[in-house]
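Input: a single structure, listed below in structure tokens.
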Amino acid sequence: MAPFDDSTEGPMKHFVTSIIAVLAISLPAAAQNPAEREQDRWKLSDLYASPAAFNDDMAKVEQQLAQFGQCKGHLGESAQRLRECFDIQSELYKRFYRMVVFAYETHSEDTGVAASLEQRQRVTVLGSKLSEAGAFVSPEILKVGKARIDGFFRQEPKLAAYRHPLDDILRTAPHTLDDQGEAILAAFSLSSGAADSAFEILTNADMPWNTVKLADGKEVKVDESAYSHYRETENRDDRRRIHEALFSKFKEFERTLGVTYYANLKEDTVYAKVRKYPDSFSRAMDGNNLPLAVYDQLVKTANDTLPTLHRYFKLRGRILGIPDMRYYDISPPIVKGIDRKYPIDEGVQIMLEAVKPLGPEYVAAMTKGIKDRWMDVYPRPRKLSGAHAFGAAYDVHPFLMMNYTENYNSVSTLAHEWGHAMHSYLSNKGQPYPTANYATFVAEIASTANEAFLLEHMLKIAKDDDERLLYLGSALENLRGTFYRQVMLAEFEREAHARVDKGEAMTGEKFTKVYSEIIRKYHGDAQGVVKIDDLYTIDWARIPHFYRSFYVFQYATSISAGSLFAERILKGEPGAREKYLKLLSSGGSDYPYELVKAAGVDLATPDPYRAVATQMDRIMDRIEAILARRGK
Ligand SMILES: [Zn+2]
């Protein structure tokens with residue numbers, strides 16, 4: 001996180017971007033774990049050895065806040081004064097994030113403790129105080145102006161650490177209003193975000209979910225979490241029933257969800273207009289200084305390579321024995337009944353072997369992190385679900401929370417989360433605090449690259465074709481979900497924004513119409529690849545990420561870059577490994593597009609996106625070869 005609040009409209013976004021999670025894949029926490037050893041629990045005491053130590057830091061932050069308050073109106077006084085003020089702010093955030101990690105992870109390991117919930121709330125309150133206190137920085141820097149700041153750099157060499165963050169503020173000058181304008185915008189920001197909250201409450205709490213009876217007589221209330229579990233079920237009739245139950249409920253609320261989404265889009269339109277951007281899309285891309293071509297090339301190349309996606313759907317149909325693929329046939333695994341277990345020590349060993357192409361130093365650092373207990377391994381009652389890595393405690397180390405269940409999915413998640421953790425570790429090691437935090441745009445590169453390394457390794461050590469099919473099938477489905485599905489959502493999102501920017505009044509029904517064309521195109525409905533029944537064109541209404549506008553495309557760009565880096569390193573391309581490791585150490589020292597480009601992948605060209613399709617084709621070649629061996 002840069003020590004600057006760089007987003008007038010969303011001061012708390014730091015919280016969201018610095019904790020990187022994979023949503024719950026494996027279900028209940030009550031599974032029978034192997035006996036937990038000390039080694040399997042993380043060491044939160046590395047952050048604070050006692051509650052008193054945490055409270056001491058809280059007091060220090062309050063004290064520094066007062067000190068920082070005196071900077072207001074004085075940033076332009078001298079180079080030295082500017083540097084001192086930034087140092088204080090930097091210290092403030094560094095200390096604050098150590099507290100955030102402690103409060104959040106104490107809560108993650110046991111969500112049922114009231115005291116830790118209270119601690120989290122205290123930290124949240126402190127966070128808003130911090131961003132309020134720093135609100136003057138950007139407007140004041142803009143007033144000081146580029147010419148004077150450039151002079152400061154010459155006078156005070158220690159300002160160098162702030163060069164990029166300062167540049168990032170200065171470049172927004174054309175989109176910053178005068179004092180009065182900014183004050184009005186700040187006041188209105190209080191009333192924004194209502195659409196998002198309404199969506200969240202409706203879909204998480206208030207929705208009267210349908211209940212269905214499955215073939216075995218079991219009754220299931222189909223909410224999103226039951227859906228994500230049962231959509232993989234083997235029985236096709238059950239799958240259909242589960243899908244119909246979920247999507248018909250969303251269809252009932254088409255009108256309401258149309259209103260909430262339309263409201264969200266209108267808000268973006270207004271901000272784009274007053275901040276003098278040609279449209280919502282340009283404003284969103286400008287947040288990270290991304291070339292518009294990144295989005296354009298991504299969507300175009302995904303469309304150009306749709307035959308690869310269609311090949312996958314057809315292959316799926318062939319393996320599952322379904323000649324008439326429907327929307328509810330996309331999720332079940334293509335191999336069943338593989339019970340191979342990977343106890344944690346073996347999982348760790350596999351991962352360490354898999355990332356060997358990254359070099360001995362990388363492997364050594366990872367080994368040390370495991371030994372030093374950065375990770376909490378097993379599910380427990382009341383532990384937070386899913387898995388995540390949190391690397392914001394700059395001078396401590398990253399923390400990883402797993403819910404390891406010994407299946408292959410767990411091993412894959414392990415490699416993914418350690419990818420995040422190592423990215424944070426290397427950036428924190430390689431950068432001064434002000435530029436240590438990396439942007440969301442690059443956040444999923446290291447994690448997806450590690451998954452690619454893992455796949456190669458698993459294929460090498462697989463004992464038989466069944467095992468091979470498991471790894472290939474899971475990699476393929478992962479690429480579909482992270483690349484094609486996210487680009488499909490991104491394409492819809494851009495069209496929806498464009499219409500509202502142009503002043504078109506949108507309704508739930510109209511959103512469905514726009515979406516139906518896109519979802520049918522991606523699934524090859526017209527060519528008879530996957531038939532999309534009308535009911536499933538309401539899919540857009542379910543997507544929480546649409547309330548973080550222009551966010552989902554970054555999954556697709558990240559996995560494209562990650563796979564391409566992994567491929568080049570595995571091939572032993574000269575310099576590939578060094579450039580990649582340099583990217584992982586460069587945090588937020590430059591704009592994320594530039595950092596990735598310097599490492600050898602230009603995300604504003606079709607190449608990285610073509611590489612995803614090529615990779616999927618190669619995986620399918622391997623699957624077909626196995627099927628051929630079996631005479632299928
Ligand atoms: Zn991730």
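Start at 1 and go down the list; that is how both ligands and their atoms are numbered. Note that the structure is predicted; figures quoted are calculated from it, not measured.
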Can we say Asp590 and Lys597 salt-bridge, meaning some charged N sits less than 4.0 Å from an Asp/Glu carboxylate O?
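The answer is no: the pair does not qualify as a salt bridge.
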Would you name the N/O/S atom of His420 that lies closest to the Zn ion (ligand 1)?
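The Zn ion (ligand 1) is closest to the His420 atom NE2, counting only N, O or S.
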May I ask you to check whether His388 brings an N, O or S atom to under 2.8 Å from the Zn ion (ligand 1)?
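It does not; every qualifying atom lies at 2.8 Å or beyond.
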Glu444 N/O/S atom closer than 2.8 Å to the Zn ion (ligand 1)
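An N, O or S atom of Glu444 is closer than 2.8 Å to the Zn ion (ligand 1), so yes.
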Fit a plane to each ring of Tyr295 and Phe553, take the angle between them on a 0 to 90° scale, and name the class: parallel (under 30°), tilted (30 to 60°) or perpendicular (over 60°).
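Tilted: the ring planes of Tyr295 and Phe553 meet at 30° to 60°.
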Tell me whether the centres of the aromatic rings in Tyr104 and His388 are closer together than 6.0 Å.
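Between His388 and Tyr104, which both carry aromatic rings, the centre distance is not below 6.0 Å.
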Can you give me every donor-acceptor pair (side chain of residues 469-479, partner residue at least two apart or in another chain, under 3.5 Å) with its distance?
residue: Tyr471; atom: OH; partner: Tyr342; partner atom: OH; Å: 2.7
residue: Tyr471; atom: OH; partner: Glu467; partner atom: OE1; Å: 2.6
residue: Glu477; atom: OE1; partner: Tyr312; partner atom: OH; Å: 2.5
residue: Glu477; atom: OE1; partner: Arg480; partner atom: NE; Å: 3.1
residue: Glu477; atom: OE2; partner: Arg480; partner atom: NE; Å: 3.3
residue: Glu477; atom: OE2; partner: Arg480; partner atom: NH2; Å: 2.7
residue: Asn478; atom: OD1; partner: Thr482; partner atom: OG1; Å: 3.2
residue: Asn478; atom: ND2; partner: Glu451; partner atom: OE1; Å: 2.7

